[in-house]
Amino acid sequence: MAGTPSQIFRIITLSSGHSRGSNLLAMHRHFHEQQLPVEIFRAVFTKATAPAIEHCTERGIPVEVISAKDMPGFEARLLSLVRDNSIDLIALCGFLKLLSADFLDTLGIPVLNIHPALLPNYGGKSMYGMAVHEAVYSNGEQYSGATVHRADAQYDHGAIVAQQRVDISSCLSAAEVAARVLQVEHQLYAQAIWGLLSGIS
Ligand code: GRF
């Protein structure tokens with residue numbers, strides 16, 4: 001990793017076209033409030049229409065739009081960004097595409113994802129957005145939670161880096177489960193990223 005105690009760690013976030021960006025904005029706020037030497041060097045979105053772009057711009061987070069219709073082209077541009085700018089880590093924030101195994105191997109830096117459930121349960125290809133919380137709620141689970149894991153070439157599959165359980169037994173809807181889990185995501189993701197960058201975890 002490029003960072004030393006006197007340097008700033010640089011990360012890139014990746015989000016799909018419908019991203020509301022709450023995790024991205026929460027980690028930006030956390031790094032700032034805790035005065036951690038972590039900079040969101042670029043927030044990459046796959047579509048210029050992503051609602052989160054405006055919020056990033058307001059906060060001075062540099063944004064780049066890279067179409068994911070051509071994934072080899074997407075990965076090539078990302079590789080240049082990482083190599084030319086000594087990027088230390090990539091954080092997926094509502095990114096719905098799979099990155100290829102070759103790309104992840106070549107990259108040589110950690111790529112993390114956050115998933116709004118207790119993996120390995122309630123993960124996989126169609127498990128995103130409210131589908132996760134609806135499945136958890138309709139199964140009558142007492143607990144859900146958030147999981148930060150290494151991204152690999154399968155959905156929601158890589159090694160778990162951090163996980164936090166949330167008691168949802170009093171939730172009366174899947175929307176309530178989602179809201180409770182999201183609050184935890186906002187803390188857990190930033191802490192896990194800092195843990196990895198700083199060598200704490
Ligand atoms: C979050 O629930 C995260 O767990 C999942 O995608 C969602 C992104 O939400 N990977 P937001 O754009 O960060 O609000």
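Just the heavy atoms: all of them, side chains too, but no hydrogens, waters or symmetry mates, feed the values below. Source: prediction; values computed, not measured.
Nearest heavy atom pair, residue Y122 against residue A117, reads CB-CB, 3.8 Å. Annotation for S16 and A50: closest pair O-CB, 4.1 Å, computed over non-hydrogen atoms. Considering all non-hydrogen atoms of both residues, I87 and I12 come closest at CG1-CD1, 3.7 Å. Taking every heavy atom of both residues into account, P116 and V132 meet most closely at O-CG1, 3.6 Å. Across all non-hydrogen atoms, the minimal contact from L98 to E75 is O-OE2, 4.5 Å. Of all the heavy atoms in M127 and A135, the pair that sits closest is CE-CB, 3.8 Å.
With rounding to the nearest 0.5 Å, the separation of OG1 in T46 from CE in M71 is 9.0 Å. To the nearest 0.5 angstrom, N85 atom CG is 3.5 Å from F41 atom CZ. In this structure, CE in M27 is found 9.5 Å from CD1 in I61, a value given to the nearest 0.5 Å. Distance check, rounded to the nearest 0.5 Å: CD of Q191 to CD of Q164 gives 7.5 Å. Rounding to the nearest 0.5 Å places CG of D84 at 9.0 Å from CG of L79. Distance check: I8 CD1 to S86 OG gives 13.0 Å after rounding to the nearest 0.5 Å.
At least one side-chain heavy atom of L24 sits under 4.5 Å from a side-chain heavy atom of F45. In this structure the side chain of V38 never reaches within 4.5 angstrom of the side chain of L89, judged on heavy atoms. Side-chain contact between V136 and V181 is absent, with no heavy atoms from C-beta onward closer than 4.5 Å. Residues L112 and R150 have side chains in contact (heavy-atom distance under 4.5 Å, counting atoms from C-beta outward). Proximity of W194 to H30: side-chain heavy atoms (C-beta onward) are nowhere separated by under 4.5 Å.
Note: the hydrophobic cluster containing L96 does not contain I66 (ILVMFWY, side chain heavy atoms under 4.5 Å, direct or indirect links). Cluster annotation: L182 is not connected to V148 through the hydrophobic network of ILVMFWY side chains, with a link wherever side-chain heavy atoms come within less than 4.5 Å. Cluster annotation: V65 is connected to I40 through the hydrophobic network of ILVMFWY side chains, with a link wherever side-chain heavy atoms come within less than 4.5 Å. Under the 4.5 Å side-chain heavy-atom criterion for Ile, Leu, Val, Met, Phe, Trp and Tyr, I114 and I168 are members of distinct hydrophobic clusters.
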Checklist entry - Between L14 and L99, is a side chain to side chain contact (heavy atoms under 4.5 Å, CB included) present by the stated rule, with each step listed? => result CA-CA 11 Å; L14 301 188; L99 298 167; 4.2 Å; yes

Checklist entry - Should E134 and V177 be marked as a side chain to side chain contact (heavy atoms under 4.5 Å, CB included) after you check the CA-CA gap, both sets of side-chain angles, and the distance that decides it? => result CA-CA 9 Å; E134 274 154 12; V177 174; over 6 Å; no

Item to check | Verdict with supporting geometry, I193 and F9, side chain to side chain contact (heavy atoms under 4.5 Å, CB included) | outcome: CA-CA 10 Å; I193 288 170; F9 293 100; over 6 Å; no

Next on the checklist: Go through it in stages, so that I can follow the logic: the residues are I11 and L197, the test is side chain to side chain contact (heavy atoms under 4.5 Å, CB included), and I'd like the CA-CA distance, side-chain angles, deciding distance and then a yes or no.
Outcome noted: CA-CA 10 Å; I11 73 170; L197 289 173; 4.0 Å; yes

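Sorted by first then second residue, the salt bridge (Lys or Arg N to Asp or Glu O under 4.0 Å) pairs that include residues 16-43, not counting sequence neighbours, are R10-E39, R42-E64. Residues in residues 173-195 take part in these salt bridge (Lys or Arg N to Asp or Glu O under 4.0 Å) pairs, two or more places apart or across chains: E176-R180.
Applying the 4.5 Å side-chain rule to ILVMFWY residues, one finds L118 in the same cluster as Y143.
Other residues, nucleotides and ligands contribute only 12 or fewer heavy atoms inside 6.0 Å of the NE2 atom of H18. Counted within 6.0 Å of OH on Y155, heavy atoms from surrounding residues, nucleotides or ligands total more than 12; the atom is thus considered enclosed.
The backbone N or O of G94 lies less than 3.5 Å from no partner atom in the side chain of S15, so there is not a single donor-acceptor pair. A distance-only check finds no donor-acceptor pair linking the side chain of T13 to the backbone of C93 [under 3.5 Å]. Judged by distance alone, the side chain of D167 and the main-chain N or O of S169 form a donor-acceptor pair under 3.5 Å. Formation of a donor-acceptor pair under 3.5 Å by the D156 side chain with backbone atoms of G124 is found in this model. Looking only at distances, a side-chain donor or acceptor of T147 sits under 3.5 Å from a matching main-chain atom of L119. A donor-acceptor pair is defined here as one N or O able to donate and one able to accept, closer than 3.5 Å; no such pair exists between the side chain of Y128 and the backbone of H115.
Using bins of under 30°, 30° to 60° and over 60° for the plane-to-plane angle, the ring pair F95/F74 lands in the parallel bin.
Between the side chains of S100 and D102, no donor-acceptor pair is found at a separation under 3.5 Å. Checked by atom type, the side-chain pair H186/S22 shows a donor-acceptor distance below 3.5 Å.
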